[in-house]
Structure formats: structure tokens, C-alpha cells
Amino acid sequence: MEKSLKYILPESELPKKWYNIQADLPGEIPPPFNPAKGQPSTPEELLAIFPKDLIMQEVSRERWIEIPDEVYEIYKIWRPAPLIRARRLEKALNTPAKIFYKYEGVSPAGSHKPNTAIPQAYYNKINGINNLATETGAGQWGSSLALAGTFFDMNITVFMVKISYDQKPFRKTMMQLWGATIHPSPSEITNYGKAILKEIPDTPGSLGIAISEAIEMAVTHENTNYALGSVLNHVLLHQTIIGLECKKQFEALNIYPDIIIGCVGGGSNFAGIAFPFIQDKINKIKKTEIIAVEPFSCPTITRGKYAYDYGDTAKMTPAIKMHTLGHSFIPAAIHAGGLRYHGMAPLVSYVKELGLINAVAYHQIPVFEAGALFAKTEGIIPAPESTHAIRCAIDKAIECKNKNEEKIILFNLSGHGHFDMVSYEKYMNGLLTNYELPQEAINKALEELPEVKL
Ligand SMILES: *Cc1c(COP(=O)(O)O)cnc(C)c1O
């Protein structure tokens with residue numbers, strides 16, 4: 001342990017099952033609701049856009065769910081992912097804390113997202129679906145699904161949030177190389193996109209709008225389903241491979257993290273690293289401090305309301321109970337495009353309500369400062385989303401220094417930032433701003449929450 005830097009599990013130790021936290025949560029998470037019908041949504045309603053296997057995982061209470069062989073074989077291309085001790089960062093901070101990060105940037109798409117893109121494509125394929133429509137923010141999810149599309153020989157259509165489409169042109173090339181078709185969102189090819197463009201021609205777009213466009217495409221086209229890169233229970237389930245590996249890696253080291261940190265957009269990479277450890281917290285085996293980190297300009301958990309809301313701007317999804325800023329909320333055009341989502345995964349929201357996790361929000365500039373320090377010390381250039389987790393890990397390590405505590409800090413380095421050079425360039429040239437977010441903007445969007453009577 002003393003000299004090692006990297007903790008790599010042998011391929012034979014790759015977990016064979018995902019962990020379903022729904023088996024261990026006290027109580028039941030509130031069910032999805034159909035405001036038009038005034039009653040809870042049925043699994044059948046979801047069959048219009050999702051394959052039955054994924055719907056079954058969505059509502060499953062089984063603790064362990066087998067990873068299919070075909071998915072397992074593809075996971076092996078980059079998994080198990082390394083757990084790395086950030087010794088140079090520790091030294092730069094002069095902290096007694098031990099900082100570890102799980103590096104998900106080793107996947108072909110460069111983030112954690114293929115962990116769920118691969119099984120989602122697989123389950124659609126075995127249910128006879130050949131076309132998938134989806135949205136993407138920063139381009140990470142779109143490229144991950146494009147990658148899965150190439151493995152399973154499926155057609156992938158991606159609606160990419162306009163601001164990212166302009167900021168990250170090479171993500172687009174990457175998706176095209178893997179055979180996907182890309183449209184900037186809002187686009188001219190859906191009715192909803194056209195309506196938004198008419199109303200706000202220069203909109204930067206948002207994940208909420210792009211989701212509506214992708215769902216519209218799935219609903220109006222034959223043999224076409226929709227795939228979501230975060231938020232839903234089955235997505236979080238697939239991501240638990242991250243935390244399950246971490247647990248094995250820490251077991252081999254004979255230590256256990258005191259603090260676990262992840263950035264949150266829709267909540268999937270955070271849940272992926274945290275849920276297997278939260279199981280120990282629920283069972284009162286450990287008291288780990290678990291922190292979700294979000295951008296100040298899209299503060300879903302720290303300033304949103306825990307209420308039923310739609311997952312998309314056009315209200316096509318069922319209403320789900322989650323921390324939300326309101327489905328009409330359009331976040332400022334920060335560079336962490338993957339964190340610009342108005343809602344939060346219902347399971348992450350629920351564990352927050354239970355007091356099992358905390359949340360903090362950071363402004364854009366201190367977050368990029370943390371990313372730059374990480375790049376200079378550890379070498380890896382992090383995705384702007386991941387720098388939120390790094391900022392928090394650094395602050396916790398400094399706290400350890402001030403209190404002279406030797407805590408073990410683990411954070412999820414959800415992806416690399418190789419396609420985010422325009423953002424880093426702006427940061428270096430002093431062109432980034434910290435966007436303030438007036439309470440009225442949140443209150444206004446919250447006025448539009450659907451009425452739900454259970
Ligand atoms: C998409 C993305 C996120 C945010 O999404 P979650 O579902 O909250 O994980 C974070 N980091 C990276 C690198 C991403 O691509």
C-alpha cells in the first residue's frame with residue numbers, strides 16, 4: 001500500500017452482478033405518476049419507448065442482478081477500471097488525507113456512460129429493436145450510445161444540446177465515426193424542436209428539450225426506442241459496477257473510504273460509486289460521509305424542491321418524484337454541459353431525503369481551478385463535470401490538513417476532458433464567469449410543477 005499508485009483488479013475479479021439499492025432502502029420510492037390520467041404510471045405505459053427487460057430492472061426489488069454475458073465481454077475492454085492514489089495532488093496540498101480516485105475515463109468513449117449504454121443497447125437488441133433515439137449534453141452520452149450502437153449493429157440518432165454542439169465539434173465527429181446521426185437540439189426535425197426554435201431562435205438548448213425531441217422521435221417512428229443516459233433506476237443500477245469494483249479494490253488494500261464524492265448531473269456516476277457503499281451505511285456497518293457535487297448554476301439538490309416533476313421540457317415523460325428546479329428551467333451555459341439538468345435521479349433524491357448523503361454546489365471558476373491543479377499534479381485532464389468532484393475532494397483534503405486528520409477520500413473521476421479544450425482555453429484566458437442564480441428564476445420554474453395527488 002505505501003508505495004503503490006494504481007490498484008488494478010484482475011479481469012477475473014470483474015463483478016458479475018449489478019447492485020440494486022432498491023432492495024435495501026427503507027420504505028418504497030414514490031412511483032412515477034401520469035398527471036394526465038391522475039394516477040400512477042403503469043409499467044405498460046413505458047413499453048412504448050423502453051424494452052421490457054429494462055422496465056423490469058426499473059421496478060425490481062432484487063438485490064443482485066446478473067450482468068448478461070454479451071455485456072460482460074464488452075465491459076472487459078476497459079473494466080475493471082483503475083483506482084488511483086492521487087499522491088502528487090496530496091503532496092501539492094500538503095495534506096495528511098489519502099486521496100483516491102476511480103478513473104472512468106479509460107472507457108472508449110472517455111467516461112462512465114458506456115457502463116449503461118452497452119446494456120441498454122443489448123436489452124433493446126434482444127427485444128427486436130434496431131433504432132435508438134437519445135439526447136446528449138456535452139456529447140458523452142451520445143458517444144457512449146453511438147459506441148454501443150456499433151457493437152450491436154443498431155442505428156443511433158442523437159439530439160445534441162445546441163450549446164455543446166457548437167462548443168464540442170469533435171464529439172460530433174466521434175459519434176459519426178461510430179455510425180450515429182447527430183442533430184443540434186432544438187432541431188428542425190421534430191415538431192417540438194420546431195416550436196421551441198420559433199419561440200426562442202437563439203436558445204442554447206437544454207437537456208430537457210433534447211430529451212423531448214428524442215422521445216418524440218421514438219414515439220413517432222417504427223422499431224425505435226428511446227435511451228436515457230442518467231436519472232432512471234436501471235441506469236443507476238448499471239453504474240454500480242463502479243462502486244462494486246472500488247469496494248473490492250479497497251478490500252484488497254484493507255482500508256475503507258471515510259468520504260466518497262461524485263459530481264451530479266442526473267446522478268448516475270455518483271450513484272454508481274456511492275450506492276454499494278451506502279448499502280453498508282444502511283446496514284449500519286459504516287458511517288461514510290457521502291457527498292454529491294453540483295454546479296451553482298444548476299443547483300438541483302441544494303436549491304431545488306423534492307416534488308413530482310416531468311423529466312423533460314415538453315412534459316412527455318411521467319412525473320417522477322425528485323429534486324427539481326422545474327422542467328422549464330434552462331440552466332446558464334456553463335462548460336460542464338453534462339450537469340445542466342433540471343432534475344435528479346429519484347433514487348439519489350430519495351437517499352438524500354433519508355439523510356444518507358449530503359450535497360454541495362460550486363461556481364464554475366473554482367471548479368476549473370481544481371481541474372487545472374489536478375491536470376498539473378496527476379497529469380489527467382478531467383472532464384469539466386468531474387472537476388466538481390475534484391474541487392470537493394481538494395476542499396475536504398484541505399480541511400483534513402487544518403484539523404490534522406488522516407481521512408481516506410475517494411472520488412469518481414467520471415471522465416477525461418480531451419474534448420473540452422475550448423472550455424479549458426477560456427479558463428486559461430480568464431473568460432469564464434461565475435453565474436449567479438437569482439431565487440426568482442427558480443421560483444418561476446417551480447410554479448409549473450404538475451399537480452399530483454396520490
Ligand atoms: C454525463 C456526465 C456526468 C453527469 O451525469 P451523471 O448521470 O450525473 O453521472 C458527469 N461526468 C461526466 C464525465 C459525464 O459525461
Side-chain angles (χ1 to χ4, degrees), residues 81 101-117 120 134-147 158 160-161 164 167-168 171 174-175 207 210-211 227-243 260-275 291-295 298-301 311 322-323 331 334-349 351-352 357 359 361-362 367 371 374 380-392 411-420 423:
Y101 59 94
K102 179 73 164 171
Y103 188 38
E104 289 294 316
V106 292
S107 80
S111 77
H112 64 290
K113 294 214 170 72
N115 297 334
T116 183
Q120 286 194 48
T134 197
E135 74 293 329
T136 196
Q140 294 268 24
W141 170 241
S143 18
S144 302
L145 199 65
L147 171 76
V158 182
M160 185 171 188
V161 176
S164 297
Q167 277 175 354
K168 299 167 209 285
R171 275 276 166 203
M174 192 176 191
M175 291 185 256
L207 275 171
I211 293 173
L228 186 61
S230 186
V231 180
L232 297 177
N233 304 342
H234 67 264
V235 179
L236 275 51
L237 170 79
H238 302 153
Q239 293 295 354
T240 59
I241 189 84
I242 303 171
I260 298 172
I261 301 164
C263 65
V264 284
S268 74
N269 88 87
F270 168 77
I273 197 162
F275 281 5
I291 311 168
V293 190
E294 56 189 14
C298 193
T300 317
I301 306 181
M322 60 181 174
H323 289 95
I334 53 163
H335 287 268
L339 306 186
R340 293 178 72 242
Y341 183 62
H342 68 273
M344 183 51 55
L347 281 171
V348 171
S349 296
V351 295
K352 171 68 172 64
I357 65 164
Y362 287 110
V367 150
F374 190 81
I380 296 171
I381 299 170
E385 290 82 5
S386 318
T387 57
H388 288 74
I390 299 175
R391 174 79 263 166
C392 183
F411 73 87
N412 198 7
L413 185 54
S414 50
H416 67 62
H418 296 177
F419 293 88
D420 302 277
S423 308

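Note that ligands are numbered from 1 as they come in the structure, with each ligand's atoms numbered from 1 the same way. Remember, predicted model here, so these are calculated numbers, not experimental data.
Among residues two or more places apart in sequence or in another chain, the side-chain contact (heavy atoms from CB on, under 4.5 Å) test is passed with T240 by W18, Y19, L244, F275, P276.
Closest heavy-atom contact between L228 and Q120: O-NE2, 2.9 Å.
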Check the pair S414, S386 against side-chain hydrogen bond (donor to acceptor under 3.5 Å, both in side chains), reporting the backbone distance first and the verdict last.
CA-CA 6 Å; S414 50; S386 318; 2.8 Å; yes
List ligand 1's nitrogen or oxygen atoms that come under 3.5 Å of a protein nitrogen or oxygen, with the partner atom and distance.
| residue | atom | partner | partner atom | Å |
| --- | --- | --- | --- | --- |
| ligand 1 | 7 (O) | S230 | OG | 2.5 |
| ligand 1 | 7 (O) | S268 | N | 2.9 |
| ligand 1 | 7 (O) | S268 | OG | 2.7 |
| ligand 1 | 8 (O) | G265 | N | 2.7 |
| ligand 1 | 8 (O) | G266 | N | 3.1 |
| ligand 1 | 8 (O) | G267 | N | 2.8 |
| ligand 1 | 8 (O) | S268 | N | 3.4 |
| ligand 1 | 9 (O) | H112 | NE2 | 3.1 |
| ligand 1 | 9 (O) | S268 | OG | 3.3 |
| ligand 1 | 9 (O) | N269 | N | 2.8 |
| ligand 1 | 9 (O) | N269 | ND2 | 2.7 |
| ligand 1 | 11 (N) | S414 | OG | 2.7 |
| ligand 1 | 15 (O) | K113 | NZ | 2.6 |

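Relative ring orientation between F419 and H416 is described as parallel, the plane-to-plane angle staying below 30° on a 0-90° scale split at 30° and 60°.
At distances below 3.5 Å, at least one donor-acceptor pair connects side-chain atoms of T136 with backbone N or O atoms of G142. A donor-acceptor pair under 3.5 Å is formed between the side chain of N269 and the backbone N or O of C263.
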